[in-house]
Amino acid sequence: MGSFEAFRALPHAITLLGMSGVGKTVLSTSLRRSANWYHYSADYRIGTRYLAEHILDNIKFKIMSMADRFVADLLRSDSIYIEHNISVDNLEPVSTFLGMYGDPDAGGLDMETFLWRQGLYRDAEIQSMLDMPDFVAKGWRLYGCESFVNDASGSLCEVVDPDNPVDPVLERLTGHSLIVYIRADAAFEETLKERARTHPKPLFYNPDFLMPRLEGMPGDGAGVDPVGFVRPLFPELLAFRRPRYERLARHGLALETADVFPSNSVPDADGFLATLWERGGDRLDGYVEICERRRAERKGA
């Protein structure tokens, strides 16, 4: 397969897979800052392209529902306009739109609205992954970024069939990038569980996981504490997603958190590529061919 220096010099495209909070965005940011990799954030793409109008409509609805009509009247008369400020480092508007099931008086969503938004997010996440190859090309053509990192959502494993080699999302990812699953060890999983307990946030759930937990719950969410409903789900969600992550990793490479973040440090691009080289072995063969083809296409363009 050649030398590490030859591997290092390839125009890389990596898809990072793993649970929310495992460090995908931290690593992606390091790759961008240390070696000008194009950082493609799935949630940023979702929020600015596929859910942008829904997010703004929700904000406007909240304003129009306020008891104080001052801002609502200004908005209605076109005296002001509302725009979200989504960035790779600030994805809060996506999270707040997704919301939590529960009593609307406690900030929750009724079941119909909650499930509708879950479906919107699922469709948007699928489309964001289908868009990924276009941004590999755009990162190079517009910004001169030779390498690319796909900072995928933690729920990617929920919208891909890892056992179907012709799944359209899986085909797109494996045909243009190397899937790298960052596997949380037991200690790290406990940290993630504690974080989810103290700071629960809205998440996308696979219907096979979610619907049994909504069975028998009130359609209007009345009396259901949204945070109380979400908080106990995370440990169960970890257990549900873990085998799906593992099956997806068979199409790429799995790395332990200790491999990726040795001594809790964040590697630069060279350090990360060295880890891939050391751990990848012959699983990198097909990926190297993809990168070499990409380099040849760019030279011929």
Side-chain angles (χ1 to χ4, degrees), residues 16-26 42-43 46-47 51 55 58 62 90-126 151-162 181-249 254 256-257:
L16 296 179
L17 174 68
M19 199 68 189
S20 176
V22 80
K24 300 187 300 295
T25 299
V26 170
D43 277 325
I46 288 167
L51 293 186
I55 290 170
N58 183 52
K62 295 289 186 181
N90 176 27
L91 297 166
E92 189 69 15
V94 180
S95 181
T96 55
F97 173 77
L98 195 54
M100 301 179 183
Y101 163 72
D103 197 322
D105 290 338
L109 300 171
D110 65 79
M111 194 178 300
E112 181 179 1
T113 302
F114 176 67
L115 293 176
W116 175 67
R117 294 189 185 185
Q118 289 276 308
L120 285 177
Y121 184 89
R122 180 184 185 278
D123 293 344
E125 183 171 7
I126 289 171
D151 181 4
S153 169
S155 55
L156 175 59
C157 67
E158 309 278 21
V159 302
V160 176
D161 181 355
Y181 168 41
I182 303 177
R183 181 190 288 131
D185 59 24
F188 204 98
E189 279 199 359
E190 289 305 314
T191 299
L192 294 179
K193 289 177 185 178
E194 178 61 18
R195 189 182 304 162
R197 188 189 69 78
T198 57
H199 298 88
K201 67 176 186 177
L203 295 170
F204 170 78
Y205 304 97
N206 186 293
D208 290 343
F209 174 87
L210 178 63
M211 296 313 294
R213 289 157 179 82
L214 288 174
E215 189 173 347
M217 304 296 284
D220 59 4
V224 178
D225 174 29
V227 173
F229 176 77
V230 165
R231 183 172 281 134
L233 295 187
F234 191 80
E236 300 174 18
L237 185 64
L238 271 178
F240 180 83
R241 286 183 176 178
R242 194 179 298 115
R244 300 178 71 90
Y245 287 137
E246 295 290 345
R247 297 204 303 278
L248 262 179
E256 307 296 331
T257 49

Checklist entry - For the atom pair CZ (Phe209) and CD (Glu158), what is the distance rounded to the nearest 0.5 Å? => result 8.5 Å
Next on the checklist: Quick one, Arg183 and Phe188 - any side-chain contact, counting heavy atoms below 4.5 Å?
Outcome noted: no
Checklist entry - Can you check whether Cys157's main-chain N or O pairs, donor with acceptor, with Arg244's side chain at less than 3.5 Å? => result yes
Next on the checklist: If you count every heavy atom of other residues, nucleotides or ligands that lies below 6.0 Å from Lys193 atom NZ, does the total exceed 12?
Outcome noted: yes
Item to check | Any side-chain heavy-atom pair of Glu236 and Arg213 under 4.5 Å | outcome: yes
Next on the checklist: How close do Leu192 and Val22 get, counting heavy atoms only, and between which atoms?
Outcome noted: CD2-N, 4.2 Å
Next on the checklist: Looking at Glu112 and Gly219, would you say the former's side chain and the latter's main chain have a donor-acceptor pair under 3.5 Å?
Outcome noted: no
Checklist entry - If we only count heavy atoms from C-beta on, is the Ile182 to Tyr245 side-chain gap below 4.5 Å? => result no
Checklist entry - Got a second to check how far Ser155's OG is from Arg122's CZ, nearest 0.5 Å? => result 10.5 Å
Next on the checklist: Ignoring hydrogens, what is the shortest heavy-atom contact between Val224 and Met217? Give both atom names and the distance.
Outcome noted: CG2-CE, 3.8 Å
Checklist entry - side-chain hydrogen bond (donor to acceptor under 3.5 Å, both in side chains) with Arg195: which residues, sequence neighbours excluded? => result none
Item to check | Residues in side chain to side chain contact (heavy atoms under 4.5 Å, CB included) contact with Thr25, at least two apart in sequence or another chain | outcome: Thr29, His39, Asp151
Checklist entry - Should Leu233 and Leu203 count as side-chain neighbours, where that means a heavy-atom distance under 4.5 Å? => result no
Checklist entry - Tell me, do Leu237 and Tyr205 make a side-chain contact under 4.5 Å, heavy atoms counted? => result yes
Next on the checklist: Nearest 0.5 angstrom please: Phe234 CZ to Ser20 OG, how far?
Outcome noted: 6.5 Å
Next on the checklist: Show the nearest heavy-atom pair for residues Lys201 and Ser95, with the distance to one decimal.
Outcome noted: CB-OG, 4.4 Å
Item to check | Pair Leu214-Phe229, side-chain contact (heavy atoms from CB on, under 4.5 Å): steps then yes or no | outcome: CA-CA 10 Å; Leu214 288 174; Phe229 176 77; 3.5 Å; yes
Item to check | Approximate separation, where rounding is to 0.5 Å, of Asp43 CG and Glu92 CD | outcome: 11.5 Å
Checklist outcome for this item: All heavy atoms of Ala42 vs all of Ser153, minimum pair found to be CB-N, 3.8 Å
Checklist entry - Does the side chain of Tyr101 reach to within under 4.5 Å of the side chain of Leu210, using non-hydrogen atoms? => result no
Next on the checklist: Can you confirm whether Arg117 sits close enough to Pro202 that some side-chain heavy atom of one is under 4.5 Å from a side-chain heavy atom of the other?
Outcome noted: no
Item to check | Test item: Asp220 side-chain N/O and Asp110 main-chain N/O as donor-acceptor pair under 3.5 Å | outcome: no
Next on the checklist: Show the nearest heavy-atom pair for residues Met100 and Pro200, with the distance to one decimal.
Outcome noted: CE-O, 3.7 Å
Checklist entry - Say you draw a straight line from CZ of Phe97 to CG of Leu51; how long is it, rounded to the nearest 0.5 Å? => result 5.5 Å
Item to check | Separation between NE2 of His199 and CZ of Arg231, rounded to the nearest 0.5 Å | outcome: 10.0 Å
Checklist entry - Quick one: does Glu190's side chain have a donor or acceptor within less than 3.5 Å of a partner on Asp185's backbone? => result no
Item to check | Passing candidate, side-chain contact (heavy atoms from CB on, under 4.5 Å) with Gln118, options Thr113, Leu109, Leu98, Asn206 | outcome: Leu98
Checklist entry - Arg241 side chain to Gly154 main-chain N or O, any donor-acceptor pair under 3.5 Å? => result yes
